Number of protein chains: 2
Amino acid sequence: MAFSRLNDDELADRALDVFRNYGYEGSSLSRLAESAGLEKASFYYRYPGGKKDIALAVAARVSAWFEENVVEPLKGAGPLPLRVNRVAQRLRKFYGDGSQPCVLDTLSLRGGPPELQAALADALQAWVAAFTSIALESGFNRIEAVRRAQQAIINIEGSLVLSRVSANPGIFLRTLAGLPAFLARP
Amino acid sequence: MAFSRLNDDELADRALDVFRNYGYEGSSLSRLAESAGLEKASFYYRYPGGKKDIALAVAARVSAWFEENVVEPLKGAGPLPLRVNRVAQRLRKFYGDGSQPCVLDTLSLRGGPPELQAALADALQAWVAAFTSIALESGFNRIEAVRRAQQAIINIEGSLVLSRVSANPGIFLRTLAGLPAFLARP
DNA sequence: GTCTATATTAAGATAGAC
DNA sequence: GTCTATCTTAATATAGAC
């Protein structure tokens with residue numbers, strides 16, 4: 001295994017996939033190392049603090065993902081609904097078309113360190129802020145804009161739970177389809 | 001510990017609390033046994049199949065909880081919004097005022113047997129059906145009633161995730177407050 | 001029906017070779 | 001920077017006393 005090693009971002013992406021599917025406690029170091037194609041000892045070399053460290057790296061990666069795939073695309077040119085729709089497609093992919101749990105939801109389950117909870121809360125806050133900006137730009141007043149942003153994320157998170165538990169992606173995909181009209185009124 | 005033993009329902013309630021906070025894989029038998037105030041060996045006496053068995057018992061208990069606290073109260077007498085509000089208060093308590101994860105969400109994470117996933121999907125389906133009945137009784141046509149029922153549960157599950165991750169129960173409590181008007185239009 | 005005791009396997013973590 | 005080897009602790013599971 002001297003070749004085909006993964007860089008830090010790729011490694012965090014693999015770990016993200018383990019964490020969101022098993023929760024914090026359910027993600028054993030063996031599983032995390034295996035998902036990275038590494039022996040446990042090599043894993044400790046990269047993340048001396050073990051599971052805590054890689055979980056924090058995953059939280060940072062999640063924040064970076066939202067910056068790159070939600071905050072930035074929303075700032076781009078073009079009509080508002082079209083920009084929102086671009087973000088909806090990124091979210092669709094991020095959540096595996098409704099088959100993958102949200103890492104904010106499941107990595108925040110009991111067992112992780114307080115810094116992890118704080119980092120996940122920050123990532124969520126950035127998401128709300130990005131959606132709020134769009135609702136403001138769309139003409140809603142501040143109170144209504146924040147309400148819409150929160151409700152849009154409630155819709156995404158809630159429909160994801162329903163889709164996943166009932167093994168019916170349609171609910172999640174329909175929610176995403178309605179996102180542009182909901183956040184950026186025509 | 002010859003006295004103060006818990007019956008099956010009480011035991012399942014304790015296990016439910018462990019499962020929803022740690023997910024399936026993250027809930028060790030040691031933790032489950034400890035939460036029940038039993039030694040591991042005693043736990044195996046009651047649930048010979050170990051974690052799988054108690055998880056299935058928890059899923060059955062969840063179904064029973066929805067039957068008793070959602071389906072039945074909605075059938076009671078009184079104005080529709082008042083009945084829905086009674087259910088909202090039960091849900092508020094069930095979810096620890098927005099501090100406790102939903103067991104449908106987190107017990108369905110990877111690791112559990114297929115029968116568990118099926119049982120949790122059934123419980124969710126019963127919830128949707130109960131809310132659909134209310135929306136129908138309230139005057140919505142069938143398609144809109146199903147949509148409202150699903151959306152009401154999306155609101156609950158989604159706002160619970162937001163409240164929990166951001167440690168802000170307000171979002172969840174506000175969603176519950178709006179439930180009667182949403183499901184049973186005045 | 002619950003306990004103590006114990007066996008086996010997996011998880012968490014480090015040392016040292018390459 | 002990754003590996004094998006090893007240690008320690010925890011998890012899973014069973015046997016047998018009470």
Side-chain angles (χ1 to χ4, degrees), chain A residues 1-59 61 106-107 109-116, chain B residues 1-59 61 106-107 109-116:
Chain A
M1 189 73 61
F3 47 93
S4 98
R5 290 187 220 80
L6 304 169
N7 66 32
D8 285 358
D9 280 353
E10 292 166 332
L11 208 146
D13 285 341
R14 308 287 189 101
L16 191 157
D17 223 60
V18 173
F19 275 124
R20 68 171 164 186
N21 276 297
Y22 290 97
Y24 183 84
E25 284 282 82
S27 299
S28 69
L29 220 111
S30 315
R31 229 191 296 260
L32 290 162
E34 191 190 20
S35 82
L38 286 174
E39 290 302 320
K40 282 185 286 182
S42 310
F43 208 83
Y44 275 108
Y45 177 82
R46 292 210 184 181
Y47 303 96
K51 199 156 81 168
K52 273 202 314 245
D53 280 12
I54 180 69
L56 289 170
V58 165
R61 184 94 180 108
T106 61
L107 185 49
L109 290 179
R110 213 162 285 188
E115 315 96 89
L116 177 61
Chain B
M1 189 73 61
F3 47 93
S4 98
R5 289 187 221 83
L6 304 169
N7 67 30
D8 285 359
D9 281 352
E10 293 166 331
L11 209 145
D13 285 341
R14 309 289 189 99
L16 192 157
D17 224 60
V18 174
F19 275 125
R20 68 172 165 184
N21 276 297
Y22 290 97
Y24 183 84
E25 284 283 81
S27 299
S28 70
L29 220 110
S30 315
R31 230 191 295 257
L32 289 163
E34 192 191 18
S35 81
L38 285 174
E39 290 302 320
K40 284 182 284 179
S42 311
F43 208 84
Y44 275 107
Y45 176 82
R46 293 211 183 179
Y47 304 95
K51 199 157 81 168
K52 273 200 314 243
D53 280 14
I54 181 68
L56 289 169
V58 165
R61 185 94 180 109
T106 61
L107 185 49
L109 290 180
R110 215 163 283 190
E115 315 95 88
L116 178 61

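A, B, ... follow the sequence lines: proteins, then strands. Residue 1 opens every chain. Computed from a predicted structure; not experimentally measured.
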Open item on the list: Using a 4.0 Å heavy-atom cut-off to protein, can you give one letter per nucleotide of nucleotides 7-13 of chain D, 5' to 3': B if the base is in contact, S if only the sugar-phosphate is, - if neither?
Closed with: ----SBB

Would you mind reading off the distance between [X] atom [atom1] and [N] atom [atom2], rounded to a whole angstrom?
X: A/Tyr22; N: C/dA11; atom1: OH; atom2: P; answer: 11 Å
X: A/Asp53; N: C/dA13; atom1: CG; atom2: P; answer: 10 Å
X: B/Tyr47; N: C/dG1; atom1: OH; atom2: P; answer: 12 Å
X: A/Arg46; N: C/dT14; atom1: CZ; atom2: P; answer: 18 Å
X: A/Lys52; N: C/dA11; atom1: NZ; atom2: C1'; answer: 15 Å
X: A/Asp8; N: D/dG1; atom1: CG; atom2: P; answer: 9 Å
X: A/Glu34; N: C/dA10; atom1: CD; atom2: C1'; answer: 13 Å

Task: Any donor-acceptor pair under 3.5 Å from B/Lys51 side chain to B/Tyr24 backbone - done: yes

Open item on the list: Under a 3.5 Å distance rule, please check whether B/Lys40 uses its side chain to pair with a backbone N or O of B/Leu29 as donor and acceptor.
Closed with: no

Task: Test log, rule side chain to side chain contact (heavy atoms under 4.5 Å, CB included), inputs B/Leu38 and B/Leu6 - done: CA-CA 9 Å; B/Leu38 285 174; B/Leu6 304 169; over 6 Å; no

Open item on the list: OP1 or OP2 of D/dG1 versus the side-chain N and O atoms of A/Tyr45: is any pair under 4.0 Å?
Closed with: yes

Task: A/Ser42 side-chain N/O to D/dG1 phosphate OP1/OP2 under 4.0 Å - done: no

- [ ] Please determine which of A/Asp17, A/Asp9, A/Asp8 meets the salt bridge (Lys or Arg N to Asp or Glu O under 4.0 Å) test together with A/Arg61.
- [x] A/Asp9

Task: Pairing residues for B/Asp53 by the side-chain hydrogen bond (donor to acceptor under 3.5 Å, both in side chains) criterion, not counting sequence neighbours - done: none

TODO: Under the ring-ring contact (aromatic ring centres under 6.0 Å, His included) rule, collect the residues that match up with A/Phe43, sequence neighbours excluded.
DONE: A/Tyr47

